[in-house]
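Presented below is the structure to which this report refers.
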Amino acid sequence: MPEFTVNTEGLPFSLPYTLDSGQAFRWRSDGNFWYGVVGKGVLKVRQDGTSLVCSSSSDVLDTQAVYRYFGLGEDLEKILASVMKDSYITSAVQTFYGLRIMRQDVWECLLSFVIATNSNIPRIKGMISNICQRYGEKVAFDGQEFFLFPSPDALSRATSADLEACGLGYRARYVKNISELVDSGYIDLEELRLHDYARAKELLTEEVLGKKTLMGIGPKVADCVLLFSCDKNSAFPIDVWMARVLATEYPTLFRGDVGSKLASKVAGQTSLSEATYEQVSSIAREYFGEYAGYAQQYLFHHARTKND
DNA sequence: TCCCAGGCTCAAC
DNA sequence: GTTGAGCATGGG
């Protein structure tokens, strides 16, 4: 069992804020250590001052992999300074200072956010845990059992009925459709990070004859994937929480037609059309700048934990 | 019990 | 192109 320490001296970082901010759904804490599955290995990690005390189940899950996974290579201080455009975001940044955007596996991230649609975080964790236990490879580590995230191959061989039994509901057919396309090589997820934001998003949400090729991936899911696993720091995912924050705290940014559609979304009366979503998202990206995705994540976490 | 959730698809204008 | 219903399910 490889044990190592990652030195984070001079790097602002909060392990709990990062792992508990709704980016990844498979981490749990026993109050001392955090346990999670990263790629092909299990990681046990504790933050101790300016270092991360780690042990892992695999040699490939080493210092370098952990460094990359937690986005420690990004200059967070500079990034946060650049997004603090007003008092509201400044307050969110100060409250959760050290929250970083992780660099997750694209496949796991994509499928996780397809499953996450129209659900809530506790249940999302349950659904993902179910498919991992049912279809993922079992790994024994630190006296416990863990499951790797299932491969496209394993999930493409599952029946929709089996997937529904994991609690996925109507999302089961999306998972099956995407797994088959990825497994067959129809789309290369690793290639996404090589394109710019706009092109990568196009590839994820492409339509043929008016039908989505990858079912269950709209603009919001695509933005989450691009931000959390494809290094697209300007991606600005807008879910109901973000719509609420934008409508309430940034009314001057959204006036006229876009503003009223955003308000309608917040009131639960309508959902954003793809065109309106792009308008709102584009305004937010222009306002917060190159690292808008970081702003988004601080605002999201801030909004969700307000009444805790 | 009812409302809501890191939305999306599909049919009907 | 835009809109609105429908969607499976479980947490709060």
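Below, chain A is the first sequence line, B the second, and so on; all start at residue 1.
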By the 4.0 Å heavy-atom rule, please label [X] as base, sugar-phosphate, or nothing.
{"X": "A:Ala172", "answer": "nothing"}
{"X": "A:Ser112", "answer": "nothing"}
{"X": "A:Gly22", "answer": "base"}
{"X": "A:Leu272", "answer": "nothing"}
{"X": "A:Met215", "answer": "sugar-phosphate"}
{"X": "A:Tyr277", "answer": "nothing"}
{"X": "A:Val221", "answer": "sugar-phosphate"}

Do [X] and [Y] have their ring centres less than 6.0 Å from each other?
{"X": "A:Tyr287", "Y": "A:Tyr250", "value": "yes"}
{"X": "A:Phe228", "Y": "A:Phe113", "value": "yes"}
{"X": "A:Tyr298", "Y": "A:Tyr17", "value": "no"}

Please report, rounded to the nearest Å, how far the [atom2] atom of [N] is from the [atom1] atom of [X].
{"X": "A:Asp223", "N": "B:dG6", "atom1": "CG", "atom2": "C1'", "value": "11 Å"}
{"X": "A:Asp239", "N": "B:dC8", "atom1": "CG", "atom2": "C1'", "value": "14 Å"}
{"X": "A:Lys265", "N": "B:dA5", "atom1": "NZ", "atom2": "P", "value": "9 Å"}
{"X": "A:Leu204", "N": "B:dG7", "atom1": "CG", "atom2": "C1'", "value": "15 Å"}
{"X": "A:Glu207", "N": "B:dC8", "atom1": "CD", "atom2": "P", "value": "12 Å"}
{"X": "A:Asp257", "N": "C:dT3", "atom1": "CG", "atom2": "C1'", "value": "13 Å"}
{"X": "A:Phe113", "N": "B:dC8", "atom1": "CZ", "atom2": "P", "value": "12 Å"}
{"X": "A:Ile217", "N": "B:dC10", "atom1": "CD1", "atom2": "P", "value": "14 Å"}

Nearest-angstrom distance, [atom1] atom, [N] to [M]:
{"N": "B:dT1", "M": "C:dT9", "atom1": "C1'", "result": "16 Å"}
{"N": "B:dC8", "M": "C:dG11", "atom1": "P", "result": "23 Å"}
{"N": "C:dG4", "M": "B:dG6", "atom1": "P", "result": "24 Å"}
{"N": "B:dA11", "M": "C:dA8", "atom1": "P", "result": "14 Å"}
{"N": "C:dC7", "M": "B:dC3", "atom1": "C1'", "result": "16 Å"}

Relative to A:Tyr197, does A:Lys232 satisfy both conditions: NZ or CZ under 6.0 angstrom from the six-membered ring centre, and within 45 degrees of the ring's axis?
-> no

Report yes if at least one side-chain N or O of A:Lys212 is closer than 4.0 Å to OP1 or OP2 of B:dC8; otherwise report no.
->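 So the side-chain polar atoms of A:Lys212 never come under 4.0 Å of the phosphate oxygens OP1 or OP2 of B:dC8.
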
Under 4.0 Å between a side-chain N or O of A:Arg244 and OP1 or OP2 of B:dA5?
->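 Answer yes for this pair, as a side-chain N or O of A:Arg244 is under 4.0 Å from OP1 or OP2.
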
[X] atom [atom1]: more than 12 heavy-atom contacts under 6.0 Å:
{"X": "A:Glu278", "atom1": "CD", "value": "yes"}
{"X": "A:Glu137", "atom1": "CD", "value": "no"}
{"X": "A:Gln64", "atom1": "CD", "value": "no"}

Listing time: all N or O pairs from protein to nucleotides 4-10 of chain C that are below 3.5 Å?
residue	atom	partner	partner atom	Å
C:dA8	O4'	A:Tyr170	N	3.3
C:dA8	N6	A:Asn118	ND2	3.1
C:dT9	O2	A:Arg123	NE	3.0
C:dT9	O2	A:Arg123	NH2	2.7
C:dG10	N2	A:Asn120	ND2	3.2

Pairwise side-chain contact, A:Phe96 with A:Thr18, heavy-atom cut-off 4.5 Å (strictly under) | no

So do the side chains of A:Val175 and A:Glu180 get within less than 4.5 Å of each other, counting heavy atoms only?
->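 A side-chain contact under 4.5 Å is absent here.
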
Using the closest heavy atom to pick a nucleotide of DNA chain B for each, name whichever of A:Phe25 or A:Leu214 lands nearer the 5' end.
-> A:Phe25

Check: A:Glu274 side chain, B:dG7 base, donor-acceptor under 3.5 Å |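 Donor-acceptor pair under 3.5 Å: no.
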
